[in-house]
S.K.: 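One structure, as structure tokens, below. Some questions next.
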Amino acid sequence: MSAVGLMGELVTVEPRGVEDAYGDPAWGAGAQYKARVSGKREMRFSAQDRIMVPMQVVYLEPAAIATAPGDRLTLPDGDQREIRSVDLARRPNGSIEAVKVSL
């Protein structure tokens with residue numbers, strides 16, 4: 001079974017746009033994607049060697065390839081979180097299995 005077959009939830013990803021007149025972030029139109037939301041904690045290192053411990057990891061269908069750090073993700077329960085990092089999970093043949101985002 002493919003990873004997309006295990007994705008039973010829908011999330012919305014809104015791209016981060018420019019800041020509004022008050023300096024607050026503005027968001028573009030959202031797109032819905034199939035997803036699998038995991039509460040698993042993972043230890044990661046940033047480019048500056050700071051430890052980041054995401055609270056949640058979400059696996060998105062490959063169509064979400066344009067997702068970027070800073071975009072906003074709305075979870076199935078309505079909670080909105082900023083995406084901290086994006087990685088691609090690849091199959092042995094190099095094709096994309098899922099887009100892995102850390103919140």
Side-chain angles (χ1 to χ4, degrees):
M1 178 180 269
S2 72
V4 174
L6 300 173
M7 297 178 183
E9 300 167 290
L10 284 176
V11 297
T12 303
V13 176
E14 299 166 277
R16 186 178 184 124
V18 296
E19 295 177 347
D20 65 15
Y22 300 101
D24 295 323
W27 311 99
Q32 283 195 326
Y33 298 105
K34 291 180 185 177
R36 182 172 190 285
V37 179
S38 169
K40 178 178 161 188
R41 297 179 72 110
E42 293 187 358
M43 187 171 293
R44 305 279 314 235
F45 294 93
S46 70
Q48 295 82 22
D49 292 329
R50 293 186 187 136
I51 297 174
M52 299 187 309
V53 183
M55 295 300 292
Q56 285 187 303
V57 175
V58 179
Y59 295 89
L60 304 171
E61 63 181 296
I65 186 98
T67 302
D71 290 352
R72 182 168 64 183
L73 187 136
T74 303
L75 295 164
D77 65 3
D79 188 24
Q80 293 183 322
R81 309 271 299 282
E82 188 170 321
I83 295 172
R84 297 171 96 185
S85 67
V86 178
D87 292 311
L88 299 177
R90 295 189 179 271
R91 295 182 179 103
N93 68 4
S95 65
I96 298 169
E97 177 94 32
V99 178
K100 178 183 171 184
V101 300
S102 300
L103 307 176

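Sequential numbering from 1 along the given sequence is applied to the chain's residues. These values consider heavy atoms only, across backbone and side chains, with no hydrogens, waters or symmetry-generated copies.
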S.K.: For residues V58 and L75, determine if any side-chain heavy atom of one lies less than 4.5 Å from a side-chain heavy atom of the other.
M.R.: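 Side chain of V58 against side chain of L75, heavy atoms only: contact under 4.5 Å found.
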S.K.: Just by modelled atom types, is the I96 backbone N or O under 3.5 Å from a matching donor or acceptor in the R91 side chain?
M.R.: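 At least one qualifying donor-acceptor pair exists.
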S.K.: What pairs of donor and acceptor atoms, side-chain ones from residues 63-72 against any protein atom, are under 3.5 angstrom apart with sequence neighbours left out?
M.R.:
| from | atom 1 | to | atom 2 | distance (Å) |
| --- | --- | --- | --- | --- |
| T67 | OG1 | A64 | O | 2.8 |
| D71 | OD1 | R16 | N | 3.0 |
| D71 | OD2 | A68 | N | 2.9 |
| R72 | NE | E14 | OE1 | 2.9 |
| R72 | NH2 | E14 | OE1 | 3.3 |
| R72 | NH2 | E14 | OE2 | 3.2 |

S.K.: Might you work through the side-chain contact (heavy atoms from CB on, under 4.5 Å) test for L60 and K34, ending with a clear yes or no?
M.R.: CA-CA 6 Å; L60 304 171; K34 291 180 185 177; over 6 Å; no
S.K.: Any side-chain heavy atom of D77 sitting closer than 4.5 Å to one from V37?
M.R.: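 SC-SC contact between D77 and V37 ruled out.
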S.K.: What heavy-atom pair brings A98 and P62 nearest, and what distance separates the two atoms?
M.R.: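 Closest approach of A98 to P62, heavy atoms only: N-CG, 4.4 Å.
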S.K.: Is there a side-chain contact (heavy atoms from CB on, under 4.5 Å) between L103 and V57? Walk through the geometry before answering.
M.R.: CA-CA 6 Å; L103 307 176; V57 175; over 6 Å; no
S.K.: Quick one: closest heavy-atom pair of P15 and A29, and the distance?
M.R.: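 Looking at all heavy atoms of both residues, the closest pair is CD-O, 3.3 Å.
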S.K.: Are T12 and L73 packed together at the side-chain level, in the sense that at least one heavy-atom pair is separated by less than 4.5 angstrom?
M.R.: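 Sidechains of L73 and T12: no contact.
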S.K.: Any chance you could measure Q56, atom CD, to R84, atom CZ, to the nearest 0.5 Å?
M.R.: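 Going from the CD atom of Q56 to the CZ atom of R84 covers 12.0 Å.
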S.K.: With sequence neighbours left out, write down each residue that passes side-chain hydrogen bond (donor to acceptor under 3.5 Å, both in side chains) with Q80, or none if nothing qualifies.
M.R.: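 Counting only residues at least two positions away or on another chain, Q80 forms a side-chain hydrogen bond (donor to acceptor under 3.5 Å, both in side chains) with T74.
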S.K.: Give the cluster check for V101 versus L88: same hydrophobic cluster or not, with ILVMFWY residues linked at side-chain heavy-atom distances below 4.5 Å.
M.R.: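 Yes.
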S.K.: Does some side-chain heavy atom of V11 sit less than 4.5 Å from a side-chain heavy atom of P76?
M.R.: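 They are in side-chain contact.
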S.K.: Applying side-chain hydrogen bond (donor to acceptor under 3.5 Å, both in side chains), can you list everything that pairs with D20, at least two apart in sequence or on another chain?
M.R.: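 Per chain and number, D20 pairs via side-chain hydrogen bond (donor to acceptor under 3.5 Å, both in side chains) with no residue.
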